[in-house]
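Working notes for the structure below.
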Amino acid sequence: MELTRLSLLESALKSRYPQLAVFIVMLVGYIFAIIAGLIGTPVGSSNFSIVFVWIAWWAILILIAVPFFGRGWCAVCPIPLPGEWLQRGAVLGPHGNRWSSRRRGTDADSVLLDRRRRTETKWLNLRVPKMFRNIWLQNISFLLLALFSSVLLTTPNITGIVLAAMLFAAVGLSMVFERRAFCRYLCPVGGFIGLYSQTAPIELRIKDKQVCVKCKDKPCYHGSSAGYGCPWDVFPGGLTRNTYCGLCMECIRTCPHDNIAVNLRPFSADLAKPSARMDEAFKAFIMLGSAMIYAGVLLGPWGMFKDAAYNVGTTAWFIYAIIFLTIIFGVLPGLFTLGLLQTKGAASLKQRFASLSTALIPLGLMFWVAFSLSFVLTNASYILAALSDPLGLGWNLFDTANIAWQPMLTSVLAPAQTLALVVGLIWSARTAQKSANEAGVSPFTIIIYCLIATSVMLWLLL
Amino acid sequence: MVVAFAPLPVSSSSPQARNFRLEARQFAFSPSELFVNPGDILTLELVSTDVVHGIYIDGYDLSVEADPGRTATLTFIADKPGSFRFRCHVTCGAMHPFMIGKLTVGTNNWLYRSIGFSVLAVLGLLLFPRTDPKIKL
Ligand code: SF4
Ligand code: SF4
Ligand code: SF4
Ligand SMILES: [Cu+2]
């Protein structure tokens, strides 16, 4: 179903003002989180940065935004904005009359336009080197944060520093490279949002391929007087998956043929055509493994693991880091490969590995949902308190500062977790059946793999 | 459905009074896993070895706080079967939200039923792989 048919929604997306309003709120919140982290109370559960980033934002991201809106968060994320504004030299659209004298139409024109755009910019505007044009850097940046997560999640200072570092890294990359290099290749959050956005029931796609074939300038990629070329460096005309489209809505503004639509679609439609990329396959393992490790370390009853995870730099922490990485790069993919070896097919093992790992995408998403339900519901009561006293200085803005900690919805937690995990299992088993069909192998061992992983997760959480 | 409602074997041991001395430190309880039978009268003696800690038992919604060096006692009847997390509910430092232990009363039936559901779901999918793709549940 095409949502952009709703003219109200379409004009809201085409106009830059609603988006800008949201951007400003987000950016103010983000900067406030940095400040709160740096100067507020060191007690995490009363500091705005910890409570709003790791409880409120995380809950919205993993329980609502990613499952239902895919990259919806990226559409409003403040992190790349300062860099992007600097890079463009504008906060709103391109200055209309700069281009409007140019007649659109010929290829030569568009090349000229493109070159002029490139030379006009003050910044380097380089292309990201080919070897980095994949998500391995994102895999690494996520793992780095994951290994320090016990400290990051609980220490306002560190959260403030990491948030600021992301902002500065995004600015820096915008100065050196073209478009949103930080989002595409480095953001630790963007990697898994992209992976899991394939399961979302929403997509941005072209309406009619023929129109694109005939469209000469391709302003959706190169930019025009109406807007910028795709900041995420994808050609909207060729989109088949959600993974790398940041839903920034630029192409809705630039396409002169009104050929871009936002559609409602069945869940996980993208997974029907499995990708065969190793970086994405390993992302699926990284996310699956981290959800299980977190469930065990953070929510489990074993103090030893918590100590090891928290005391960064000690021998225990190094052992923890090695175990962490071994589970993610050794045990999980190893057992998966063992399962694949039991199947026979025309495709090479590597191809089967990459395409069948698609089955782990819904599974991993639901593991995160189940894990986060527990973490978020037990700690949600901090949100109201932190709202009234964001820096932990004894303020009481909304008279909610003294709300006592109280876990929420404890009676529905376990049923909700079981539901999430069983739905995830069925969903991934069906995905496995489809991608196995595509690869011409039997899905049996992969489904058993998912069943075992789900049972372990149930054991850790229930 | 059978998995959900099948009566699971009930342990026949009669209720007893049980005492546990729980040592709390940043950021763990020791022992951190308690196993009791349904109906047991449980007495938890919470001793803190560093800062003020508390214990809150999920599902039972009971709590008690212990100052360093002093023992606080919580007595209750473990009449709800299943597995419950207990956690510190007095902010005690960075990892406080993850200072967690587990109380298991009888068998953790919900876990076994959930695993049963998963196995059934997979069996169903393997036996009838060509169901309407729209039916996910
Ligand atoms: S990729 Fe990262 S920085 Fe970019 S919009 Fe998404 S969350 Fe924000
Ligand atoms: S999406 Fe629009 S601008 Fe882009 S190629 Fe197709 S018709 Fe042209
Ligand atoms: S310009 Fe279009 S295709 Fe590119 S990221 Fe934005 S919304 Fe997605
Ligand atoms: Cu505590």
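Only the side chain of A:Ser45 comes within less than 4.5 Å of a heavy atom of chain B; its backbone N, CA, C and O stay farther away. Heavy atoms of B:Phe29 lying under 4.5 Å from chain A are absent altogether. Using a 4.5 Å cut-off between heavy atoms, A:Thr378 touches chain B through its side chain atoms alone. No part of A:Ser411 comes within reach of chain B, as not one of its non-hydrogen atoms sits under 4.5 angstrom from that chain. With a 4.5 angstrom heavy-atom cutoff, A:Leu460 touches chain B only via backbone atoms. There is no contact between A:Gln417 and chain B, counting heavy-atom distances below 4.5 Å. Contacts of A:Pro415 with chain B are made by both backbone and side-chain atoms, with heavy-atom separations under 4.5 Å. Contacts between B:Ser83 and chain A at a heavy-atom distance below 4.5 Å involve the side chain alone, from C-beta outward. Looking at A:Trp459, both its backbone and its side chain come within 4.5 Å of chain B, counting heavy atoms on both sides. The part of A:Leu153 that comes within reach of chain B is its side chain, from C-beta onward, which places non-hydrogen atoms under 4.5 angstrom from that chain.
The minimum heavy-atom distance between B:Ala28 and A:Gly303, with the atom names listed, is CB-CA, 3.7 Å. Here the closest heavy-atom approach between residue B:Ala78 and residue B:Val105 is recorded as O-CG1, 3.7 Å.
Chain B forms more heavy-atom pairs under 4.5 Å with one residue of A:Thr454, A:Ile448, A:Leu462 than with any other, namely A:Leu462. Comparing A:Thr410, A:Leu298, A:Thr418, A:Leu458 by heavy-atom pairs within less than 4.5 Å of chain B, the highest count is held by A:Leu298.
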* Asked: Is there a side-chain hydrogen bond (donor to acceptor under 3.5 Å, both in side chains) between A:Tyr294 and A:Ser149 once you walk through the steps?
  -> CA-CA 9 Å; A:Tyr294 282 172; A:Ser149 60; 3.0 Å; yes
